[in-house]
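One structure is given below, encoded as structure tokens.
Just so it is clear, the structure is predicted and the values come from calculations on it, not from any experiment. All values below were derived from every heavy atom in this structure, side-chain atoms included, with hydrogens, water molecules and symmetry-related copies excluded.
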Amino acid sequence: MPNKFLDIIDKLLMLLILLSILVFILYPFISVFKTALVENGSIELSHFSIIKQESYLIKNSLTTGIYTTILSTLFSIMIAIYYYMSTDRVKKIIMGILMLTIISPPFVTSLSYIKLFGKRGLITYGILGLSISPYGQLGIVLMQSLGFTSMNAILLIGYLGQLDKTFIESARSLGAKTTDIIKDIILPLMKPAITVVMLLSFIRSLSDFSTPRIIGGAFNVLATEAYLSVIAKGDIRRAATISLILFIPAMIVFMLYIKRFQSLSTTQHGTSSGEGISVKKEGFLYNLIKIGAIFFLVWILIQYASIIMSAFTDMYQGKLYFTLDHFRESKLSILDVFPRTIFVSFISGITSSVIGLILEYYAFIRNYKSAKIMDFIATMPYIVPGTFFGIGYILAFNKPPLELTGTLLIVILNVTFRQLPFASKIGYSTLSQINKDTINSVKDLGGHNFYVIKDIIFPLSKSSLYISFVNGFTSTMTTIGSIIFLVYPQQKLATMVMFDVIESGKYGVGSVIAFLIILTCLIVNGLYYFLLSRKGKAKNVS
Amino acid sequence: MYLKVSGLTKMYGDKKVVDNVSFEAEKGSMTCILGPSGSGKTTILRCLGGFETPELGSVVLNGIEILNLGPEERPISTVFQSYGLFPHMSVIENVIYGLKFKNIAKKEAFKEGQEILDMVGLKGYENRRINQLSGGEQQRVALARSLVVKPNLLLLDEPFSNLDAKLKLVMREEVQRIQSLFDITTIFVTHDQEDAFAVADQIVLINKGKIEQISPPMEIYHNPKGKFPLQFIGRSNIKVIDGKIKFVRPEAIKIHDRLKEDTVKGIIEKRIFKGAIVEYHILTKDDKLIATELSRDNIYNEDDIVYLEYKYRDLI
């Protein structure tokens, strides 16, 4: 092909990527700001009076955030250290349990919490004979902690895996026992990662509306209030204002820790086991950590077992019996929902991975300043509450020239660009591993930039594109926050149907949907690891 | 003997990476474990330090069998190849870390730490961060940190591999100075024979997990025992005569510009100038030899005719 033609393709491709980020990330952001801050062409802050009028919301959000942060950070530290010091077999089991929560919708544990610890809960009522209301702040904090701890632990595990093992061996060589090693070496070295984990938990707790909605009862937080403003009151301006209030702390945290976020987020799947560390499994601190970690892991398992159980069973006169009734009952609500959900997840997984990689190519291989700015903008969806991003889309795309509300396209666009931060981070870490000389060789041999993408970047990024796809697929399968306002009743996605049925108390049907979502994600993730291990084996043979 | 290693064997799967290794070391001596990469030398060191558990063997240090002790219980300290300095602690905190487990009061520990920093040439570095130190300084801190606990045996894993050529020479002397200053029994691992020759009292030459030769440096160079030591240590012209291996070192070949008694005529095929020495590839009637000479003002040119005075020695 003539180089001139290729030049045009190259330029067009970059323009397309940059434009799409401006339109589908920056523009929705600006729309929220505009709606919250501007009225009739001038700045109007009267809506922020809810800070004063309903200060209890802020207090509720903050206290919930703090409790959740403390609890989930503590547990994740214990799990990470326990994992770090375990044998490879135990490591696999721990990672498997943690992955369970990653591949399920955020509020799924709340469902089983009600089933286990609710007024008619299997444990509280069935075994202990108590009738306690599960609803309220305690329930929210417990369920958020349960959900966030897994992700936190995986981050910390990735971080610990990168530590030079000679730190620990040196300490042992100098006479340090297990307790000393944990206290003097491992914990202090984990500090930067712990800080990030704490901040992430806090922001995520603030922005989570689904858990408080299901298990909060009368206990409201800012995030649920934003949700209700749209759903119940139709007051989108109020919702935008609350979203903005939630956005401010997230942005501050993000700006402070942008570098650490970058280095950490890429290690999410970096669970390389490598050589284990050799530390005697003894001492007070180790045992404390072990008990805490095992307690948490067992707790997760019980919660998930109860979901599967309640999908297949029902109560009759106080007795549990096996039934497929819930599946029959849910047939109506899920028959067309699942194919659609899988379709949307599939498209968003692929699109976000490809856009992420190409964006990083223009930003860091070609060194375009404009692409670097876009890269920064592309990280923003990572930290904002899902509802913020959803409200942004309603506000941005409800009128010409881009009137998209009500279409499936807006949903796909929303989830795609919401996954972009992760996709671009993976893209960045892959590109940074490609030798610059390899790229220069293509040009040296007379190849156009276009061939650099086609012959070098894409082939060498295959495995990370898979990772990014699996992650994008899973996140979309389990997301709810950003799309709950965008989806019209006739084109619901699985998580929303599940959210609805749980809200209306149909826990059995909810369990069935939860079960199916987890199963779908499990299959896709499993397929990925299967392909990966087969590829690895093929390599070993040759 | 102060240290007695006998029959040490370590398996990875069904592969013997350390195969029946035995050697001894006197108190205050410096032993070098020398071998090509992948020969199992670092694994031996890790067995001594307690970071690998050998399948067979015994290690007696100062009359005590130590193999059943954990690394933290052994009176042994290791300086790792990457030093393993704690990045979240200052220099002095690193140095006195081991004293914590000897129940020494903080104040006393600081005093000891300062003394030792002084001895390794790092006076005034107490409050520096680890990432502010150069490679040589980091190595001094790692040495100080190991020495402060007064171990019976000091292990150094590839101590000079992270240093550039100039610094390597400085640190080689430093390690030697510090070792004799503390009179501490030391074992170090290297793949670089020059390091071994420069510092060691005895060299344990290892190949494929097995000991090939244990000798002082001069002995191992002049009297290699067996094929591997001959090929690995230094360079030689090797020839098989009547089924017997014979050799002559390149510097043992004398080059004359005119005919003399007991010389062999040759032609210089190739000359390689190496700074301090010059290497000649010389073709004679029945040999192709490598010979080296110190650089002088006028060195031979390619195609020059020379007369060589040399004698093949038998390999023991």
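- Between B:Tyr97 and A:Asp180, some side-chain heavy-atom pair lies under the 4.5 Å cut-off.
- Side-chain contact between B:Phe86 and A:Ile185 is present, with at least one heavy-atom pair separated by less than 4.5 Å.
- You'll find the side chain of B:His88 stays beyond 4.5 Å of the side chain of A:Asp184, heavy atoms only.
- Every residue was checked against the salt bridge (Lys or Arg N to Asp or Glu O under 4.0 Å) condition with A:Arg204, not counting sequence neighbours, and none meets it.
- Neither the backbone nor the side chain of B:Leu155 comes within less than 4.5 Å of any heavy atom of chain A.
- B:Pro71 has its side chain out of reach of A:Ser173: every pair of non-hydrogen atoms, C-beta onward, lies at least 4.5 Å apart.
- If you take CD on B:Glu73 and CZ on A:Arg172, they are separated by 8.5 Å, rounding to the nearest 0.5 Å.
- When the shell of 6.0 Å around NZ of B:Lys111 is examined, it contains 12 or fewer heavy atoms from other residues, nucleotides or ligands.
- Annotation: residues 14-32 of chain B contacts chain A through no residue [non-hydrogen atoms, separation under 4.5 Å].
- Annotation for B:Lys208: atom NZ does not count as buried by contact number, only 12 or fewer foreign heavy atoms lying within 6.0 Å.
- Side-chain contact between B:Phe101 and A:Lys177 is absent, with no heavy atoms from C-beta onward closer than 4.5 Å.
- Open room surrounds NZ on B:Lys123; 12 or fewer heavy atoms of other groups in view lie less than 6.0 Å from it.
- Taking a 6.0 Å sphere around NZ of A:Lys280, one finds it holds more than 12 heavy atoms contributed by other residues, nucleotides or ligands.
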Inset, instruction - Dump the intermediate steps for side chain to side chain contact (heavy atoms under 4.5 Å, CB included) on A:Leu174 and B:Lys102, then the final yes or no. - result: CA-CA 10 Å; A:Leu174 294 168; B:Lys102 303 214 168 254; over 6 Å; no

